[in-house]
Structures are given as structure tokens and as C-alpha cells.
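See below for the structure under consideration.
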Amino acid sequence: MNKVRVRFAPSPTGPLHIGGVRTALYDYLFAKKLGGDFVLRIEDTDTTRYVEGAEEYILEALEWCGLIPDESPKHGGPYGPYRQSERREIYDKYTAEILKTDYAYIAFDTPEELDAVRTEYESRGEVFAYDYFTRTRLKNSLSLSAEKVKELLDQNTPYVVRFKMPVDRILQLEDLIRGHSAVNTNTLDDKVLVKNDGMPTYHFANIIDDHEMKISHVIRGEEWLPSLGLHMLLYEAMQWEAPKFAHLSLILKPEGKGKLSKRDGDKFGFPVFPMNFTDTQTGSVSKGYREEGYFPEAFINFLALLGWSPADDKEILSMEDLVNEFDLNKVHKAGARFSKEKAEWFNHQYLQIKSELEILTYLKALPQVIESALPDGKLLKIIGLMRERATFVKDIYHDGQFFFEKPKEYQEKAVKKAWTETSAALLTELNQNLDAIEFEAETLREALKSYVEIKEVGMGKLMMPLRLALVGELKGPDVPDIMEILGKEQTRARIEHACRAL
Ligand code: GLU
């Protein structure tokens, strides 16, 4: 068997949507499982839809996800260039070749002429298609005489190359996920293969490149399934062996109906892009998973299971596990409903299994944490105490903000509940005793216990106002743990301040 080579072929028409990332992921997993290559090809023949920065975005997003291409415009490779706009010579050669076959012809109809025909059809309540039926009455090398064609070419009349769809053939199509289907060629139109500027359209460039780049499997979005018939015929026309095809079902909106589209942006309260994307034209920023605080591993794990399930229904899978377990036969035919809760669940899980040191790196990237200048030792303790209830690293900061700065105010409700007329005296005396105590959680726990015993008050009588003094409200981990991290000086200052303020 030839080497497995799978390509991801996005068009740089904007930021990569999470559906595109999932396609790239399945391409990657399939290739790597079979010891093959993962190729990134930029399909930029449609210059009118080109968006600046999109190619860089695609590469950076793939890298963030850990989907590093073996070959790409950035990484090079034996079948380059990997940008279609740089492959013109290759396409020219095959344009000439296909025109020698009976599968293509040239057409001179101007856009205005085609619009007029379209309008005429519409006025009769019909839909116009440039196909086996209408082509004989339009302006092309099939309908015009050889002399007329020559004359038009001599006058440099602009033309396009169209595919000549065979008449009355039933195509038998195979898809590795969807199985077998059949399509009658009479229902397919004569697609433009080469535009009047000589550049190929998606269909033609795509099959040329898949052939030239020795692609063995095409795994792509369901939206390309209607093009499969044409693509198979193009391989037939060129007398090339076609790759195997697999079309992935869509990612659906959370309610389960309709495709989750780029335009859905932040509508549902979660990003549809892997990373933030700034539209240079409008300046508007679309949110990304990376900036929202997702770990790439969690994002990838979540995406992998959005449309595929491993044999044993295991949920937490590293990239290595995914590669080992991936199986196209287990990719779902039905669309996968997006769930924000599930995405967050994955991030929470990864936050629990990651090493404290790795979490520390993320935590230390937050501006507020940098500003606080807390030493690593304290940050690690904070992580240990706070990670269990956090979904994102930033939650560790937000839920534990009192570690980083003293309370700006005391929550009214908490004051009512916790602060009594004896609190100030109880805490002031405690504060004096604390001077001689080593600030280590266990020692503090014991000290507080004996203090309430001596004072003959219930634990809550001390702990609640103490917590209020340190945190500003009645939340957070155990008080002695908080005290240890705050340290003697900070703890005593906060107690003193509360006694004065309340
Ligand atoms: N350029 C196409 C896209 O952006 C590629 C489709 C394919 O994989 O064949 O979706």
C-alpha cells in the first residue's frame, strides 16, 4: 500500500472555525495512526475572498493545538509549493491536458450574458444551470463552430474552462464514513474549472494538488460531499487514481439544530474559533478558546469526541491516546451537538491532572498575578488549595483574589452574619498571640483550637469573623491554610484593619 498521506486544505478566507480545527484533527489522527504524513495546503486561488492574516492564523492555531504539519508553506516538503497561488505553472500544464480530453471545453459567456439567462429562467419560475442540457445553446466550444471559436480566441476574448459533465451516467460513490451512494450525472452542472484569468477554481486545483501531493485519503467537511461526483469524474478524466474519501458531519448549534457557523461568534457564550481573531478591516475581535483560558489538550480532547467515540467510551485522552485509538469507522454519521458545559468539564478535568508546576506557568502569565509578585512557593500552595473547584486557571486567581490583595471592603451580608460585638476583642487578643506562632497551617489550626477552648467560645465565633477579616467575605479554603499563605505580617495587618473598620 502507498504511504498514507492526508491533507488539511483550508482557504485563508478568515479565522479557522472549530469545525475546521476538528477536520484538521481527524486528518492528523488518521494519518498518524497509520504512520502517515499530515500535510497543510493553503487553498488561496480565490483572491476575492482572501483575508489578511488568515494563513498565519491557521498555522498558529494548528501549532497551539499540537497539530504540527509534516509539510506546509512554513515547514516546506517534497511536494511544494504548499500555497495554491504559487502553483500556477502546474495548473497550466493540466489545463492544457484536460482540454485535450472530452471532459472539458471552453466557454465565452460573459457574466452579464449568464445573468441575463438566469433572469430569463427565473421569470419562468425555473432555475438555470449550465449543464448538459443548456450548454448546447450557450456560447462555448461545443455549440460554436471551430472557426468561430478560433476567431474569438484570436480576438483574445476572455473564456473559462468548464467541465463537460457526461450525460445519463449513474456514478457510484464510496465514502469511508457514509458508505455507498449513487448520483445521476444529469443532476450535476458543468462547473468552471479554470477562470478567465487562467487560475483554476477550487475543484480543479484541489484534485490536481491531491494527485501531485500523493494524497491517499481526503477527510473533509460534509459540505464537500455534493462535489464528490465531480471530483471522481475529474480523476477519471485525468486518468489518475482517486484517493479515498471521508466526509465529516457538521458540528451543530447547542440546541441541536443547524450548523454552528462562524457567524455564531459569541452568540451562545462560547467561542467558535481556536484563538482570538482581529478583523483588520473592522477592528472587531472574535473570541478564541486559547484566550478564554482553555488548555489546548482539553480543547483537542473535547473536539475529538465531538463526532467520534473511542471503543471503550473513555473520555480523557491525550493526543497520543487519540492517535492510538482513532478509527474512522467510529466517526458518527449524524451531526454533533456542541455543548459549552462539556467543553468546560474537559478543561476542569485537565486542570486536575496537570502538574502544579505547569499550572504555575499559566498562572504566572496573568497580569494580576505578575503584579502581585507573590513568590512561586506561595503560588503553588494557592494552586493546591484552589484548583479543585476551578474550571480555568484564571478562576484560581479570581476565586482566590484575597491571596493577592487585601479586601477592599467587607461584604455587608457577611458582616451581618459573622461580626458580633465580641468579635473585635476576640480577634485583637488573638492577633497579639499570633506574634509568637509559627505560620504553618497545622500549627495555626492547633493554636486556633486551643484559643477558642481557653476563651470558651464556639469555633464559629472565632472562625467567621477571622475569615471575614482575611477574605472580606465568608468564602475560601480553611482559615489556617489562608493564614499560612498570607503570612504573619499580612494576616495580622488584615485582622487589625478589620477590628478598626468594623
Ligand atoms: N479549500 C477547501 C475548504 O476550505 C478544502 C475542501 C477540501 O478539503 O477538499 O474547505
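Order of listing sets the numbers, starting from 1, for every ligand and every atom in it. Computation of the quantities below employed the complete heavy-atom set of this structure, encompassing side-chain atoms and omitting hydrogens, waters and symmetry-equivalent molecules.
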(message) At under 4.0 Å between heavy atoms, is it the side chain or the backbone of Val218 that contacts ligand 1, or both, or neither?
(response) neither
(message) On the six-membered ring of Tyr397, is Lys394 placed so that its NZ or CZ lies under 6.0 angstrom from the centre and within 45° of the ring axis?
(response) no
(message) Just to confirm my output: which protein heavy-atom neighbour is closest to atom 5 (C) of ligand 1, and how far is it?
(response) Ala9 O, 3.1 Å
(message) Which residue and atom name correspond to the protein heavy atom nearest atom 8 (O) of ligand 1, and how close is it?
(response) Arg7 NH1, 2.7 Å
(message) Can you classify the ring geometry of Phe38 versus Phe8 as parallel (below 30°), tilted (30 to 60°) or perpendicular (above 60°)?
(response) parallel
(request) May I ask you to list the atoms of ligand 1 that are less than 4.0 angstrom from any heavy atom of Asn206? (result) 7 (C), 9 (O)
(request) Using a 4.0 Å heavy-atom cut-off, say whether Trp224 meets ligand 1 through its side chain, its backbone, both or neither. (result) side chain
(request) Could you tell me which residues satisfy salt bridge (Lys or Arg N to Asp or Glu O under 4.0 Å) with Asp168, sequence neighbours excluded, listed by chain and number? (result) none
(message) Quick check: closest heavy atoms across Ile370 and Lys364, and the distance to 0.1 Å?
(response) CG1-O, 3.2 Å
(message) If the cut-off is 4.0 Å to any non-hydrogen atom of Tyr202, which atoms of ligand 1 fall inside it?
(response) 2 (C), 5 (C), 6 (C), 7 (C), 9 (O)
(message) Taking 4.0 Å as the limit for heavy-atom contacts, which would you say applies to Glu223 with ligand 1: side chain only, backbone only, both, or neither?
(response) neither
(message) On the six-membered ring of Tyr294, is Arg290 placed so that its NZ or CZ lies under 6.0 angstrom from the centre and within 45° of the ring axis?
(response) no
(message) Taking 4.0 angstrom as the limit and counting only heavy atoms of Glu43, give me the atoms of ligand 1 inside it, by number and element.
(response) 1 (N), 2 (C), 5 (C)
(request) Fit a plane to each ring of Phe338 and Phe270, take the angle between them on a 0 to 90° scale, and name the class: parallel (under 30°), tilted (30 to 60°) or perpendicular (over 60°). (result) parallel
